[in-house]
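The structure is given below, and queries will be raised subsequently.
Order of the sequence lines fixes the chain letters, A, B, ..., with proteins taken first and strands second; residue numbering starts at 1 for each chain.
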There are 2 protein chains.
Amino acid sequence: MKPQTPELMTILHDRLTMAHYRLGEKLRPALLAEEFKVSPNTVREIMLRLSAVGLLEYEDQRGFRVAASSDQRLHELTEFRILLEQQGVTRSIANGGIEWEAQMTAAHHKLSHIEARIARTDDIPALLRPWNAAELEYHLSLMGAAELPILQQTFRNVYSMFRQQIITPERGYSHHGSNVAEHQRILEAALDRDASACRSAIRDHLSRNLLANAAAA
Amino acid sequence: MKPQTPELMTILHDRLTMAHYRLGEKLRPALLAEEFKVSPNTVREIMLRLSAVGLLEYEDQRGFRVAASSDQRLHELTEFRILLEQQGVTRSIANGGIEWEAQMTAAHHKLSHIEARIARTDDIPALLRPWNAAELEYHLSLMGAAELPILQQTFRNVYSMFRQQIITPERGYSHHGSNVAEHQRILEAALDRDASACRSAIRDHLSRNLLANAAAA
DNA sequence: AAGCCAAGAAATTTCAAAATTTTGCGGAAT
DNA sequence: ATTCCGCAAAATTTTGAAATTTCTTGGCTT
């Protein structure tokens, strides 16, 4: 029997960020253990790790719960995303070379492709996984030349929590036709090495998730 | 028998951030389990959580290791600390009121007290715990009015990793006489609501840990 | 009827051992 | 002398159940 934890970790992470469970729902290790034919402790171990990165809430002696839904939490996650992405792209513009531009362009190309497919389908959930991967890769590529791995790692975590909040049936899976144009605008500003324009484009892209649509930063 | 995990978690967290183990040292759950009279699994559970926040390195099927020491890692952690603190204090200056100023002043007062004691003693390790707590509280108070809890939580993690790198006998526990004046300068700039001066003071305070003492940001 | 307590049920935490994998070492072959 | 193989020892992962705590329910008191 091979180590099944990494695999199960991925499955749970995907479920938590792709609308498999309702926000605030209680999750019992014993039930998942039965579903996956492993011991409850193996699941518990994974869930403790997922709670350490913010996808699950954990309270001593009373188990696990999917992070609750609230406009306030989404607002905070969005603000922090904006902060990290703006700083990341600003540093990339300062440090990045041709290699950075190439990776960014490639990631944008892939993202455009999957976004076009999503616009044409009725079954968004089926495309959630590749979409999620492509958008994360694109946003990571923006800060790919910042030479600050810990910034990227932090962004991964924040991005996961953000997606968990916004990828829900109620919010229409956060699909907006304007996404394509906004991603395009961010890319162009980055390639132009216009840090200021890039920061504005990033804020505009995410601002629809803010509570009171605030001004620039 | 009462839940001993939270307590043990604190002990290990303290050890990892206060020079109890050498950086890069291998840690075996079974040994710690014997030391604390608990089961190996209980320790393993805790260590997996600590590795999720960056204090331990974990590799599948080959156990745990204290994060390795390197000037490069310290550089990155410092850069990220500067980024987070500058953004946090800038937002606090914009949002903060009298309550923020009071908390900041109180935290600085406590920090000054403990730093004065440290300057007088030969046995720095004995004061590590209160010093650690006071400095963390002070730096957190700077971003206390940013209204972005996730920024503070992220800072806690980064601060822990930073301390883990720098609080070592080899580095003299990072005790510098100039710390007092630097903390003072940051506080005054914050109270003056001078965001630009505050950002400079923060960078100057931390810049000795950067690889090539870079310019302002 | 509302509140409180106790007893049973359910869920969580801890444990110790079994199963698996990695590591270390000695001997054979090149 | 060096490399490669395989066996033994050590370490890690998984398990399933025992111990503990929290939650629920029914009955009793006010």
- Item | B:Thr78: side chain to side chain donor-acceptor pair (under 3.5 Å) partners, not counting sequence neighbours | none

- Distance col, row B:Leu50:CG vs B:Glu45:CD, nearest 0.5 angstrom, shows 11.0 Å

- When the distance from CZ of B:Arg65 to P of D:dA11 is rounded to whole Å, what number comes out? 13 Å

- Query: What's the CG-P distance between B:Leu8 and C:dT14, to the nearest Å?
  - Reply: 9 Å

Please set out all donor-acceptor pairs under 3.5 angstrom arising from side-chain atoms of residues 119-131 of chain A, sequence neighbours excluded.
unit_1   : atom_1 : unit_2   : atom_2 : d
A:Thr121 : OG1    : A:Asp123 : N      : 3.0
A:Arg129 : NH1    : A:Asp14  : OD2    : 2.4

- Item | Qualifying residues under salt bridge (charged side-chain N to carboxylate O under 4.0 Å, His left out), relative to B:Glu115, sequence neighbours excluded | none

- Please identify each residue that fulfils salt bridge (charged side-chain N to carboxylate O under 4.0 Å, His left out) with B:Arg62, with sequence neighbours left out. none

- Can you check the B:Arg62 CZ to C:dT21 C1' distance for me, whole Å? 10 Å

- Message: Just to verify, what does B:Arg15 make a salt bridge (charged side-chain N to carboxylate O under 4.0 Å, His left out) with, not counting sequence neighbours?
- Response: B:Glu35

- Check whether any side-chain N or O of B:Thr5 sits under 4.0 Å from OP1 or OP2 of C:dT13, and answer yes or no. no

- Task: Measure the distance from CZ on B:Phe64 to P on D:dT12 and round it to the nearest whole Å.
- Result: 8 Å

- Write down the distance between CD (B:Gln61) and P (C:dT20), rounded to a whole number of angstrom. 12 Å

- Item | For DNA chain D, the residues among residues 20-48 of chain B that have a non-hydrogen atom under 4.0 Å from it | B:Lys26, B:Arg28, B:Pro29, B:Asn41, B:Arg44

